[in-house]
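Please read the structure below before turning to the comments.
All values reported here derive from a predicted model rather than from experimental measurement. Side chains are part of it too, since the values below use all heavy atoms of this structure and drop only hydrogens, waters and symmetry mates. In what follows, chains are A, B, ... by sequence order, proteins preceding strands, each numbered from 1.
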2 protein chains.
Amino acid sequence: MSEDPRTRMLAGAVDLMSRGGLPAASMRDLARHSGTPLGSTYHYFPGGKRQLALEAVRFADDQLRSWLGRSLEQGPVAGLREFLAVWRQILIDSDFEAGCPVLSVAVTEPRAEEAVSATRDAFVHWCELLSGSLREHGTPADTAEALALLIVTSVEGSIAMCRVEGSPRALDVIARTLEELTENALAQCTLTRTLDS
Amino acid sequence: MSEDPRTRMLAGAVDLMSRGGLPAASMRDLARHSGTPLGSTYHYFPGGKRQLALEAVRFADDQLRSWLGRSLEQGPVAGLREFLAVWRQILIDSDFEAGCPVLSVAVTEPRAEEAVSATRDAFVHWCELLSGSLREHGTPADTAEALALLIVTSVEGSIAMCRVEGSPRALDVIARTLEELTENALAQCTLTRTLDS
DNA sequence: TTCGTCATATGACGACCGTTATAACCCTAG
DNA sequence: CTAGGGTTATAACGGTCGTCATATGACGAA
């Protein structure tokens, strides 16, 4: 609750962004929402809203990468489950008013903004974490990449769909399919390895 | 180019929305963009921006449903290809500045707005069109629904990802996977029917 | 022609935006 | 205690937003 103001502002910006994209995260709302004075904003973020948006996206990216990386130590399926569980919790905790902050910025901002390239980095990071874990467990590189991309994109789409439906249905339905596909990719590789030996 | 002003405004609103969500579609920009006077906006849309947003989402929904429905007459795979091709074209024609207008509104707007429930309707419509075609070709209902949901969500996520990447890569990669999954679902059902007879 | 209706044009209103300047405050160093 | 830099508070700037009132034009009906 009482971290340093700068971190509080970043976390607040992530939360506001996840509810309506960057336009919904006004400097005044952000100051009120994070319990910091409006005047301080430009003390911590001299670059103004652009810098704040950029750092907020990276903040959300780092946070999810940390969660995802830790749970991937227990294998790709555990990582997938964590990936899904995190977003499901965010949806439910916010009564389906919040979604993925990275997607919100990706959709909302003009493509030239630095914050947008940070969203691309975030998506790529998540894909690489997942596909890397799949490859470590024997999945061929192209299959791993395709499956990781399918996971990230369908989860992002599902988050938005859940938000407008006011229900975690979409996320739960694709969860089953994605788990099957992942287990399938892993089983196929163990089969291959068995045949090779 | 010279349809009635009301339709021009709706099409213009869809285009602006697809580039940065509803906040990016200001009434002034829309008037300029669609070649209609600002004062006329409230003549055609007395409900103001809310009504315009609602109708614009339905407009985009109807348009895609028409395209999708027509191509689905040639089977689920043809429909899937059309679904992907439409978005790919929009991305490329706009130099990756435009995405899915429905997703933009879904992410941008507070959940209480009527326009948001129109986005939910759109997503549901597309899922139903796809899953309906799959069922018509013998796929079991639950499999059809899960696959259709996976298609719509992953395509939506991919559109956003392509936009920030400035490349159709994501869409092309998931296209292959989705086609395989669809053909698999169809093959499995014909196999089942063969065994039954 | 005169009127009335539909469409276009213009300008203004209050509200909020991002941003900045400036004044008050706290707290540690000397 | 005093001095001074880092932080907080307040007010204001120009600009854009959605919205509306009003004025001007087009044009068929009486």
Give the rounded distance in Å between these two atoms: [atom1] of [X] and [atom2] of [N].
| X | N | atom1 | atom2 | value |
| --- | --- | --- | --- | --- |
| B/L38 | D/dT22 | CG | C1' | 14 Å |
| B/R8 | C/dT8 | CZ | P | 8 Å |
| A/D29 | C/dT19 | CG | P | 15 Å |
| B/Y42 | D/dG18 | OH | P | 7 Å |
| B/M27 | C/dG14 | CE | P | 20 Å |
| B/K49 | D/dG18 | NZ | C1' | 8 Å |

Next item on the list: Evaluate the ring planes of B/W126 and B/W87, with Trp represented by its six-membered ring, and classify them as parallel (under 30°), tilted (30 to 60°) or perpendicular (over 60°).
Entry: tilted
Of A/Y44 and B/G47, the one whose nearest nucleotide on DNA chain D sits closer to the 5' end is A/Y44
The answer to which of A/R28 and A/T36 contacts DNA chain D further toward the 5' end, by nearest nucleotide, is A/T36
Measure the shortest side-chain to side-chain distance between [X] and [Y] over non-hydrogen atoms and say whether it is less than 4.5 angstrom.
| X | Y | result |
| --- | --- | --- |
| B/E156 | B/V102 | no |
| A/L72 | A/L130 | yes |
| A/F96 | A/E165 | no |

Result for 5'-nearest mapping on DNA chain C, choosing between A/S26 and A/P46, is A/S26
